[in-house]
There are 2 protein chains.
Amino acid sequence: MATIKDVARAAGVAPSTVSYVLSGSRKISAETRVAVQAAIEELGYHPNAGARSLRSTRTNVIALALPLPSRGYLPVGGRFTYGLGEAAGEHGYDLLLITAAGGGSRGPGLERVARSRLADAAVLMGVEMEDPRIGAMRALGFPVAVLGRPADESAAPWADLDWEEAAAASVRTLHDAGHRRICYLATVEDDIRSRRSYSVRGIDGADRIAAELGAQIPVCPSSGDPEELRRRLDALFDAERPPTALAVQHPAAIPGILRHLAGRGLQVPRDVSLVAIGNFPEDLGGLDVTRIELPVQEMSAAVTRLAVAAIEGAGDPGPAARSSAGHVLIPPRITRGGTVAPAP
Amino acid sequence: MATIKDVARAAGVAPSTVSYVLSGSRKISAETRVAVQAAIEELGYHPNAGARSLRSTRTNVIALALPLPSRGYLPVGGRFTYGLGEAAGEHGYDLLLITAAGGGSRGPGLERVARSRLADAAVLMGVEMEDPRIGAMRALGFPVAVLGRPADESAAPWADLDWEEAAAASVRTLHDAGHRRICYLATVEDDIRSRRSYSVRGIDGADRIAAELGAQIPVCPSSGDPEELRRRLDALFDAERPPTALAVQHPAAIPGILRHLAGRGLQVPRDVSLVAIGNFPEDLGGLDVTRIELPVQEMSAAVTRLAVAAIEGAGDPGPAARSSAGHVLIPPRITRGGTVAPAP
DNA sequence: CTGAAAGCGCTTACAG
DNA sequence: CTGAAAGCGCTTACAG
């Protein structure tokens, strides 16, 4: 593999000149610049990443700390990897994956990556309301950006769909259609128990809109086990005053829920209206559901921008600048489908 | 951040001794080993990745070259990232993502990563029968392992589900149930046109079993556009002699296909039998479909093992050893569900 | 406008 | 059993 010395020799200049041509941080005569670029092209030269990062303390890599997939959920993390990879690429960064379990025998991935300077920053996914990773990374002086909205909003820059408003808007849509017996089917209980931020925020939004409307909006956790979920639906619809509408924050379950309702002889939307919250377009496989989709591209772009800003601002500005770093709350957009009808 | 010098000072030894404790490549007295390990623990020391890779020409990173998601398919690449990340971790490697488009302004990702030694090897996904990436990496002396089964089977180590046999077994299952009008619904046409290996292998398997059974098994490409797919299904079932059974290699489309058949008044399996090929468990969202699932863990583990072997054997053994490197063909396992019944 | 030199933090022959 | 020294390939003050 060609080194900077090879390029320098081929171009008849000093290695440092090659470096300056590459970084553009010095004025170079057109003549030598052209010669250097020709040599680079000719030799297929790319700077050695290890040497560059050793010298410059920049790796041009962003680490992605994936959550473990919750039982019964699609591995949401995987769906973000494209969006994040592309966003990172646009800023000149590559993306290094860290699975929560990962690291093998080398210890917990995130801390190892931070300490060994394998990356310049980390994007944290599947964040919990009180997430220990944020404090840990801050203690190491390692920049992070959070995909999600933790309780302490000033602890780190973050970007998220506004799940509170998404839940509220879904319920409001159903309420506006005249429904008075609305049930909020929340995320799977594993996620609620571990206080994943989108779970908690969604439930908070349902509670908030209930208070606002002066309505009772019971919240029911979903289950990753399809059979268990069906039992809960049965319990709900076997009750004396069954709901006429559902707001559902468990995207992967939507097709199964629709099938189960049909199996009970309940037609959607004639007998039951439904709004889905936070699904990927593909989750529904062509089903025409009224929904709030997860804006993967927007979220990926936003959190990447924050990570890059955190890298570039690291050290320089005071802690004040770092904490008010930037918060991006993406407003939910509701897509009208065929699953909401006026209350019977 | 602590360096090897800090550790050496704290432990009262030379930096080289710390290095030897870390690598285990030299006998160290128990006393000094303990002292060094205590200092490492104390200081939270992790070796700087850049320095280490510069010196040792090993990064302990495997690059993952993702395919662009085909239109209408779930981003299959994302589903593999967990499996590959964990497998890599078990071998002491991290995973660096390269999206096909990726690299931003820095040029095509894979070649850049190879040339700059950001990784020790690459795993190639979404491979085509004649995939130019394989030759390109070979020319650079950069080890690869392929997730898929390209035409030139000796060009690189590869691991794949045996799609030919998967297709054949699916058709055979339907034939055994007495069906004589079986249609093979292949992958989306984009994938067929670009000759993605699983597309081609699947169709080859259908053709092979047709010849074997002396039967006509028409092959119909699927479509990423749900509406277009419905039109094709209509054309199929409006024909004079409509199929009584489908083998479907387009996992994401299964729920939509079942709904569309139901919409036409066709009951599965009473009127039409169906076998799904290559789906993830979550694709079906609880549907009880006779199917051959994609063995993500097995495939991930196998291709990672091949990548690691390619790294460790790089340079050392002759080209003979490299080309016969190792091919893992995973036999399909059929899971009986409720979508196959005897022919009417 | 360009070059020579130091040094980033490691690993690994070389020496004892 | 341990240490001193060279050097991996870059970047960036320092010098002209």
Side-chain angles (χ1 to χ4, degrees), chain A residues 1-37 39-40 43-61 92 106 112-120 315, chain B residues 1-37 39-40 43-61 92 106 112-120 315:
Chain A
M1 202 93 344
T3 74
I4 199 171
K5 279 188 184 173
D6 300 322
V7 175
R9 200 177 312 120
V13 298
S16 52
T17 300
V18 176
S19 179
Y20 284 117
V21 168
L22 245 31
S23 69
S25 66
R26 189 192 246 189
K27 271 229 156 99
I28 303 282
S29 73
E31 194 186 6
T32 61
R33 190 174 52 248
V34 167
V36 167
Q37 272 156 352
I40 287 173
L43 298 172
Y45 170 71
H46 280 256
N48 179 291
R52 180 169 257 191
S53 85
L54 173 58
R55 191 48 236 233
S56 65
T57 65
R58 282 291 178 82
T59 61
N60 282 298
V61 170
R106 296 166 301 160
R112 178 177 51 78
V113 166
R115 290 202 119 110
S116 62
R117 294 282 150 186
L118 251 171
D120 297 328
Chain B
M1 203 92 346
T3 73
I4 200 171
K5 279 188 183 171
D6 299 321
V7 174
R9 201 177 311 121
V13 298
S16 54
T17 301
V18 177
S19 179
Y20 285 117
V21 169
L22 246 32
S23 70
S25 66
R26 188 193 248 189
K27 272 227 156 100
I28 303 282
S29 74
E31 195 185 4
T32 61
R33 191 173 52 245
V34 167
V36 167
Q37 273 156 350
I40 286 173
L43 297 172
Y45 170 72
H46 280 256
N48 179 292
R52 182 170 255 189
S53 84
L54 173 57
R55 190 51 236 233
S56 64
T57 65
R58 281 288 179 85
T59 62
N60 282 297
V61 170
R106 296 167 300 159
R112 178 176 50 79
V113 166
R115 292 201 119 109
S116 62
R117 293 283 151 185
L118 252 173
D120 297 329

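Naming: A, B, ... by sequence-line order, numbering from 1 per chain. Reckoned from all heavy atoms, side chains included, excluding hydrogens, waters and symmetry mates.
The partner of C:dA4 is absent, by the rule that a Watson-Crick or G-U pair needs both atom distances under 3.5 Å. Under the Watson-Crick or G-U wobble criterion, with both distances below 3.5 Å, D:dA13 is left unpaired in every strand shown.
For B:P47, counting side-chain heavy atoms from C-beta on, the closest listed nucleotide (C:dC10, D:dG3, D:dT11) is C:dC10. Minimum atom distance to the side chain of B:N48 is reached by C:dC10, of the listed C:dT11, D:dC10, C:dC10. Which of C:dC1, C:dC10, D:dC10 sits closest to the side chain of A:S29 comes down to C:dC1. Closest contact between the side chain of B:S16 and the listed nucleotides D:dG3, C:dC8, C:dC10 involves D:dG3.
Rounded to an integer number of Å, the gap from B:K27 NZ to D:dG3 P is 18 Å. Between the CZ atom of B:R115 and the C1' atom of D:dG9 there is a distance of 17 Å, rounded to whole Å. Computed from coordinates, the A:M1 CE to D:dC10 P distance equals 11 Å when rounded to whole Å. In this structure, A:I40 atom CD1 and D:dC10 atom C1' are separated by 13 Å, rounded to whole Å. One atom, NZ of A:K5, and another, P of C:dA5, lie 13 Å apart when rounded to the nearest Å. Computed from coordinates, the B:I4 CD1 to D:dA5 C1' distance equals 14 Å when rounded to whole Å. As a whole-Å value, the separation of A:L22 CG from D:dT11 C1' is 11 Å. Taking atom CG on A:L118 and atom P on C:dC10, their separation rounds to 13 Å, with Å as the unit.
For a distance-only test at 3.5 Å, the side chain of B:Y20 fails to qualify as a donor-acceptor partner of the base of D:dA4. Donor-acceptor pairing under 3.5 Å, judged by distance alone, is present between the side chain of B:R55 and the base of D:dG7.
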Given B:V13 and B:V18, is the side-chain contact (heavy atoms from CB on, under 4.5 Å) satisfied, shown in steps? CA-CA 7 Å; B:V13 298; B:V18 177; 3.9 Å; yes

B:D6 vs B:Y45, test: side-chain contact (heavy atoms from CB on, under 4.5 Å). Steps then yes/no. CA-CA 9 Å; B:D6 299 321; B:Y45 170 72; over 6 Å; no

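A:T3 comes within contact range of the sugar-phosphate backbone alone, with a heavy-atom separation under 4.0 Å but no base atom that close. A:A51 comes within 4.0 angstrom of a nucleotide base, judged by non-hydrogen atoms across all strands.
Residues A:L118 and A:R112 form a side-chain contact, since some pair of their non-hydrogen atoms from C-beta on lies under 4.5 Å apart. Taking the side chain as every heavy atom from C-beta outward, B:I28 and B:V36 never approach each other to under 4.5 Å.
Dashed line: the shortest gap from a side-chain N or O of A:T32 to OP1 or OP2 of C:dT2 is under 4.0 Å. Phosphate proximity of C:dT11 to B:R52: present, with a side-chain N or O under 4.0 Å from OP1 or OP2. Taking 4.0 angstrom as the limit, A:S56 places none of its side-chain polar atoms (N or O) nearer than this to OP1 or OP2 of D:dT11. Phosphate proximity of C:dG3 to A:T17: present, with a side-chain N or O under 4.0 Å from OP1 or OP2. For B:R26 and D:dC1, the shortest distance from a side-chain N or O to OP1 or OP2 is not below 4.0 Å.
B:A8 and B:A14 make their closest contact through CB-C, 3.8 Å (heavy atoms, listed as atom of the first residue, atom of the second, distance). The two residues A:L43 and B:R115 have their closest heavy-atom pair at O-NH2, 4.0 Å.
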